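Note that this is a predicted model, so its numbers are computed, not measured. Each chain gets a letter, A, B and so on, in the order its sequence line appears, and its residues count up from 1.
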Amino acid sequence: MRRFLRPGHDPVRERLKRDLFQFNKTVEHGFPHQPSALGYSPFLRLMAIGTRSGAIKLYGAPGVEFMGLHEENNTVMQIHFIPDQCQLVTLLDDNSLHLWSLKQHSGASELREEHRFTLKGPPGSPPSATQITAVLPHSSREVLYLGTESGNIFVVELPSFRVLEDRTITSEAVLQRVPEDYCNRRSCELVEALREHPKNPDQILIGYSRGLIVLWDLQNSKVTHHFLGSQQLENLYWQRDGSKFISCHYDGSYTQWPVSSDNRQPEPLENLVPYGPFPCKAISKIYWQTTKNGLPYIIFQGGMPRASYGDRHSISVIRGSQQTAFDFTSRVIDFFIIFSSEPTAEFDDPSAMVVLAEEELVVIDLKTAGWPAVHPPYLASLHCSAITCSHHVSNIPLKLWERIISAGSKQNIHYSNMPWPIDGGSNIAPDPPQRDLLLTGHEDGTVRFWDASGVCLHLLYKLSTVRVFLTDADPNDNMNALGEDEWPPLRKVGTFDPYSDDPRLGIQKIYLCKYSGYLAVAGTAGQVLVMELNDEDAEHVVDHAEADLLQDQEGYRWKGHEKLKTRDGPVRFEAGFQPFVLVQCQPPAVVTSLALHSEWKLVAFGTSHGFGLFDHQQKRLVFVKCTLHPSDQLALEGPLSRVKSLKKSLRQSFRRIRRSRVSSRKRRGGSGNAAEVQEANAKFDQDALQEMELAPVQRKIEARSAEDSFTGFVRTLYFADTFLRDSSRHCPSLWAGTNGGTVYAFCLRVPPAERRMDEPVRAEQAKEIQLMHRAPVVGILVLDGRSTPLPEPLEVAHDLSKSPDMQGSHQLLVVSEEQFKVFTLPKVSSKLKLKLTALEGCRVRKVTVANFGSCKTDDYSENDLAVLTNLGDIQIISLPFLKLQIRYPCIRKEDVSGIASCVFTKYGQGFYLISPSEFERFSLSTKWLVEPRCVVDMPEVTSNNHVHKTGMENAVRKS
Amino acid sequence: EFRRFSLERSKPGKFEEFYGLLQHVHKIPNVDVLVGYTDIHGDLLPINNDDNYHKAVSTANPLLRIFIQRKEDADYSAFGTDTMTRKKNVLSNVLRPDNHKKKPHIVISMPQDFRPVSSIIDVDILPETHRRVRLYKYGTDKPLGFYIRDGSSVRVTPHGLEKVPGIFISRLVPGGLAQSTGLLAVNDEVLEVNGIEVSGKSLDQVTDMMIANSRNLIITVRPANQRNNVVRNSRTSGSSGQSTESSLPSSTPNILANFLQGEEESDEEDIIIEDSGEPQQIPKAEPPSESLESLTQIELLHESTQNGFLPSGEMNLNHSAGSISMEYEIQDPEHKSLEEDGTIITL
């Protein structure tokens, strides 16, 4: 009776819906987009990364993650943890300071913003007077020292951010006893660095940008030592015992200074330009780390010879005669060294170096000879080559999981065995319920296998398809082969490599059968590879076939890229997925759909010209079908990107013109004062807006016709064992849906297993359905007699699914971008439909069947359709009655790449790219929810510290 | 009653002769009848002169279905676009007289001679400043031919005048359906698409809605030029007394929805080609979960077919004329299917 009621009117169903569906964005996987600041707490063993969009992310042991977002969305410039506290301070580019703290709430820790503060100068003072350049949280945990552009150092109380004016260290006070000839040249400098004395908390080292360094006594409010540097200062670092410090400079030099009570104005001990004698770039940060066995580590960022290596992003590690310049593929944002933080320890004994580059995180093991990299358990750079597609496989059988891990471990031999050094906090989330794989296809022809079971997206294995093809890149050309006497001793580290040798290698479609270990991948130049998992290295010939999708169509010329050249003879493949069949579509247009049936040993593929079926057991092409409309010249001539790129390039050139106009305006205004510039810009913006109103965007309203372009583009392929011809006999079938709203159904005859190699697979077209609304077909699905979607191949054989009901009548569900339609089988008559676009104006972008379990009872679950629309909404639509259950806004509709990248799992979760390097994970299910849940406990502190701590907490509570 | 007979395709002769032949074949001399045929789009079109008779014969491929109706029983509204597929809707209207009162038929001219390309509808329920236009794209090769844009209009709100974003017609393609109707003009504000308000929707959403409904597009506009509005004295007119109260389009979805449901169900029949055979329209499966209303409908239809008369007064004679053969065709009452040639699909 339920079905007679209108949705929303059935209280039982409404209650059930609450038990089944719930929308949450749970965790962000990957590497933060545009990181801008790095911080580390040796006390909590937590690392913090700030971004240009104002996000702050904390990472500790795998699974320990926190995220916060500054309301202002301004760039995070600096992050400083308060010593021995669960608190940190961030400085944004609007000069505001923010205090964040980790507080426990119902068993788990949460990151909360507690306070914000903007330093204000006396009325009438220029903004530079209070522009913060350096922050020092004092070890007393009571105050922050804020160095500014004016050279003054302000002191603010924590956590209230009250300015302690009487304790301000003015530049005048500092300059009082500086020799006159030195002082005259260097007045009014900005504070570049503030460092607390490692042994004496009453002394701080202040470095000014033009080279002057002073040791300030906080008790007596006076300078105790002057260090008269002659070079522009970049940074300072204390030696552990406080007897020496080191300064680094703009000219690529670093200087050691002694600190002793007898000489108040000492000369430098040593002044070195490590990559001299020719002019070098600045050394922006330096560490001096002592070790038990004598030789210290000197680690610094930059300093490369300006002319020949000025473009490198490097960090050099020097220890005695060992020296390596780690060469990063993207700009280094910041780095820190993990060393012994025990106050009683005599030496630093550094264990690891953590480098935040613009596009990746690199950790170097400093304890192991050769300084190998450590494989990070999180913060993976998803975009080390641009992601071109993704595929999610739920509930991987343990056997396959172990084999993939073992193949991956063979690839990771050059990594250090060191346990992950950033291990603060503890993960209290329950173990992931199942093993899930996320496969990403990349522009460089690789497929990466990620462990997507839990909070940490972890790379398990990387597969490259490049080896099958002959590419322009010479395989012998080893970029890393450097001679022994090479100087500087550069060593490339990290995996980020945005450059693709050949865009035709790009992976477009992936299909993995988790039961058989068969993997099919398809790419940009019409290549389809079928692979098998092999635990050993092997050398073999890849069978090669060509599929002419145009068949007899005459007189057409493909103007797109050529097909990839294949390698003749046997090819050596490493352990893992090894290709054994290559099918190349002709014309070599991008593969737009792919389906693999591991039980029937068939692979189907489609392009903008048609589709084909290949028997990978007999290695024989079964058939091809051209779907092209004869008038569709665009599809014939070249890849889709040609048309799009023309439009795009036009748009871009317009943008360029507009931008150059903006900048020229700005430059002209630059001669006047700042207000004038702003006014001019505002006026320009207004002009631009008016311009837009005069020539608005318009949209053509036209019915779709069969002659439209790309109607033959094959959008979806589907294998099903169903009743295609008559209701008494079911048979294997292949279904294909096109952009023009056509569904083709082919009846397949697959020989029984014992004669599988002897008899050919046969296919015959049985049906063709033309949807009158001609919208692109994005999904095809057959429901069995119980209205349950047919199981995946081999699912029943592995006892993981009930066998489908072959008694009752089957139904065909066709999902177009605009409508959902259910037809009866074998006689196709329309049964039900749900119109989406005609009523709501949105279109289907992604659709999957998902299983939703109830959070209340273990024994209830149902299958529904999870749908993502072009507006970024997610809708859940019931099966088989096609009733809208619930709708959630998920992605901004302007975020086209986010919508295009979305992938659903079989259990109501999903992923989409929020930046080229980050997946947002979301869940639609109440039952399957993967989100971080972790605790950061205050480590033991000394009794003296404890007093501080409680005092602090009281203060927080009071405020 | 069905008759099947052959005609010489190359020499069809005159209409008068054909009319005589029909009367002869059906043994109904001296009975005035209306003659109609179904064209390739499934529209019922009249045959009443030599020209449309020749046109009809030329479209036969190879069968030509001829419908004959007694003149006094004739329902002129049966002719025109979508008439074949709209039958059940006509039926449901009769079954639900409360929401669709049939007005007495006054024949002014011969509307059956023409095929509608557009119409102004719901004049009685819309405010005078609005116009609801239906474009019959189905069956014509003409492009719809218009463009829409974003814009803003001034509305009276409880807080006074307010500028609100709106969707406007920005351009009409010369020779397109929209232009040729004369019912739509540049700068007309689009208020609804097939009964759904566009306010709050983006330009792209409205574009998608219009394209999705392009086979039966009903748009409600506020014409930029308000001087051509129908002027009627709503207070004295009985039928539009209601319209003054419900002068906002938002208060009409009920009626419209009923109207649309029937329309939409029928106007989009998908096509199936079995075993590379002839394309056919996909029939609607017997709905297992449909409301009681439609169940009754099916029964009634069944009954009426047995009676030989459809309650709407539509003709019962179903003729098929081809060049060589002659056969009877019986509608399958269960599937309510129409065994007709659909749009030709290029294979």
Side-chain angles (χ1 to χ4, degrees), chain A residues 3-4 629-631 692-693 695-707 725 741-745 747 764-775 811 814 817-819 821-824 826-833 835-843 870-871 880-881 893, chain B residues 137-138 143-152 168-171 173 176 178 193-196 198 201-215 217 264 267-276 279 281-289 291-292 335 337 342-343 345-347:
Chain A
R3 62 185 180 224
F4 290 109
H629 196 276
S631 67
M692 264 163 63
E693 258 178 326
V697 201
Q698 52 177 4
R699 295 275 185 275
K700 189 177 184 178
I701 308 298
E702 204 46 78
R704 264 185 286 260
S705 84
E707 285 84 42
R725 281 253 167 81
T742 306
V743 175
Y744 301 94
C747 189
E764 202 180 333
Q765 182 165 344
K767 285 185 192 335
E768 178 181 331
I769 300 170
Q770 173 66 58
L771 302 177
M772 278 317 264
H773 65 287
R774 294 194 190 279
Q811 298 171 68
V814 176
E817 282 192 357
E818 298 186 350
Q819 297 186 7
K821 288 197 147 179
V822 174
F823 299 96
T824 58
K827 175 148 176 51
V828 175
S829 40
S830 61
K831 200 171 173 189
L832 269 179
K833 75 174 156 193
K835 285 187 172 189
L836 196 68
T837 313
L839 299 176
E840 296 181 28
C842 58
R843 276 177 294 165
N870 65 329
L871 302 179
F881 296 113
K893 69 175 179 221
Chain B
K137 164 67 186 159
Y138 190 56
L144 280 169
F146 67 100
Y147 290 74
I148 56 171
R149 62 166 170 91
D150 276 318
S152 58
F168 294 83
I169 294 176
S170 63
R171 195 181 137 199
V173 177
V193 176
N194 287 48
I196 292 160
V198 303
K201 292 199 159 63
S202 70
L203 184 64
D204 286 329
Q205 262 176 292
V206 177
T207 306
D208 285 338
M209 283 168 71
M210 286 190 175
I211 291 175
N213 287 305
S214 59
R215 276 166 196 282
L217 183 60
E264 289 192 22
D267 70 347
E268 272 191 25
E269 298 297 347
D270 301 329
I271 286 167
I272 172 96
I273 304 170
E274 301 261 1
D275 295 329
S276 310
Q281 285 193 346
I282 294 181
K284 187 144 171 53
E286 196 175 329
S289 63
S291 63
L292 279 168
H335 288 275
S337 77
T343 315
I345 295 292
T346 323
L347 288 169

Open item on the list: Taking side chain as everything from C-beta outward and backbone as N, CA, C, O, which of these in A/Glu818 sits under 4.5 Å from a heavy atom of chain B? Side chain, backbone, both or neither.
Closed with: side chain
Task: Side chain / backbone / both / neither for A/Thr837 at chain B, heavy atoms under 4.5 Å - done: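 Both parts, backbone and side chain.
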Task: Distance, nearest 0.5 Å, that separates CG of A/Leu836 from SG of A/Cys842 - done: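 It is 4.0 Å, given to the nearest 0.5 Å.
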Task: Residue selection (most heavy-atom pairs with chain A, distance under 4.5 Å) from B/Val198, B/Leu203, B/Asp204 - done: B/Asp204
Task: Among A/Lys821, A/Lys833, A/Gln770, side chain to side chain contact (heavy atoms under 4.5 Å, CB included) partner for B/Asp270 - done: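 Per the side chain to side chain contact (heavy atoms under 4.5 Å, CB included) rule, the option paired with B/Asp270 is A/Lys821, out of A/Lys821, A/Lys833, A/Gln770.
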Task: Pick from A/Val822, A/Val828, A/Asn870 with the largest number of heavy-atom pairs that fall under 4.5 Å of chain B - done: A/Val828
TODO: Identify, with sequence neighbours excluded, every residue that meets salt bridge (Lys or Arg N to Asp or Glu O under 4.0 Å) alongside A/Glu840.
DONE: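 Only A/Arg887 meet the salt bridge (Lys or Arg N to Asp or Glu O under 4.0 Å) criterion with A/Glu840.
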TODO: Grab the two heavy atoms, one from B/Phe146 and one from B/Ala178, that are nearest each other, plus how far apart they are.
DONE: CD2-CB, 3.7 Å
